[in-house]
Amino acid sequence: GAVVSQHPSWVICKSGTSVKIECRSLDFQATTMFWYRQFPKQSLMLMATSNEGSKATYEQGVEKDKFLINHASLTLSTLTVTSAHPEDSSFYICSARAGGYNEQYFGPGTRLTVT
Amino acid sequence: DAKTTQPTSMDCAEGRAANLPCNHSTISGNEYVYWYRQIHSQGPQYIIHGLKNNETNEMASLIITEDRKSSTLILPHATLRDTAVYYCIVRGYTGTASKLTFGTGTRLQVTL
């Protein structure tokens with residue numbers, strides 16, 4: 001299957017700082033990328049969907065000014081958690097899809113800990 | 001909202017077939033059934049998907065009932081590395097229906 005990478009795999013930051021997570025599709029062009037969040041012992045929750053060159057569409061309850069998503073190219077999307085707080089500590093997973101009729105592949109996830 | 005119902009957990013002996021059921025009684029005619037799994041602290045891994053015919057690949061088989069209201073994922077010879085949470089997801093291909101919405105899944109424990 002196609003490969004999606006994320007960087008970093010884990011990050012620790014202090015409360016009030018911002019953190020950027022990168023998601024790359026390594027061997028295909030991703031017209032659509034998705035960002036999920038997963039708290040311990042819970043399922044994945046979709047945060048937002050982004051199409052290359054367009055603004056991201058956020059799920060209900062997700063603050064767009066706090067979770068900034070950029071999808072500037074067909075192989076790269078970034079999620080920036082601004083002014084992070086301990087409650088933002090979670091496992092963030094990106095996913096990429098080449099087109100509506102293609103499969104959706106997931107990155108390995110980024111574990112964010114805010115102290 | 002997830003449109004599927006799965007058992008919370010299942011056990012399977014190594015080497016035996018693991019049969020994971022999923023109910024999706026409200027599935028629409030143009031929606032596919034997808035299966036993903038998530039090994040602890042990793043991103044989900046695609047397993048298989050189907051519309052109405054049974055499907056098989058190198059990882060698993062997918063059996064969909066004729067009325068499409070339920071399906072079963074079969075891992076023919078489970079190994080310890082198959083221990084994971086398995087998610088059954090119904091997905092359309094356009095608009096909001098094309099998003100993968102995860103339910104609680106089935107935690108499969110493969111034992112010696």
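Proteins come first, then strands; the chains are lettered A, B, ... in the order of their sequence lines, and each starts at number 1.
- Between B/Tyr36 and B/Tyr87, the distance from one ring center to the other does not fall under 6.0 angstrom.
- The main-chain N or O of A/Thr78 is never found under 3.5 Å from a side-chain atom of A/Asn70 such that the two would form a donor-acceptor pair.
- The part of A/Gln38 that comes within reach of chain B is its side chain, from C-beta onward, which places non-hydrogen atoms under 4.5 angstrom from that chain.
- Partners of A/Phe34 under the ring pair (Phe, Tyr, Trp, His ring centres under 6.0 Å) rule, at least two apart in sequence or in another chain, do not exist in this structure.
- Aromatic ring centres of A/Phe106 and A/Tyr36: separated by under 6.0 Å.
- Heavy-atom neighbours of chain A within the stretch residues 44-77 of chain B, taken at a separation under 4.5 angstrom, comprise B/Pro44, B/Tyr46, B/His49.
- Only the side chain of A/Leu46 comes within contact range of chain B, with at least one heavy atom under 4.5 Å from a heavy atom of that chain.
- Of the options A/Ile93, A/Ile21, A/Leu79, a side chain to side chain contact (heavy atoms under 4.5 Å, CB included) to A/Thr110 is made by A/Ile21 and by none of the others.
- When each of B/Glu14, B/Arg16, B/Met10 is tested with B/Cys12 by the rule side chain to side chain contact (heavy atoms under 4.5 Å, CB included), just one qualifies, namely B/Arg16.
- Judged by distance alone, the side chain of A/His71 and the main-chain N or O of A/Ser73 form a donor-acceptor pair under 3.5 Å.
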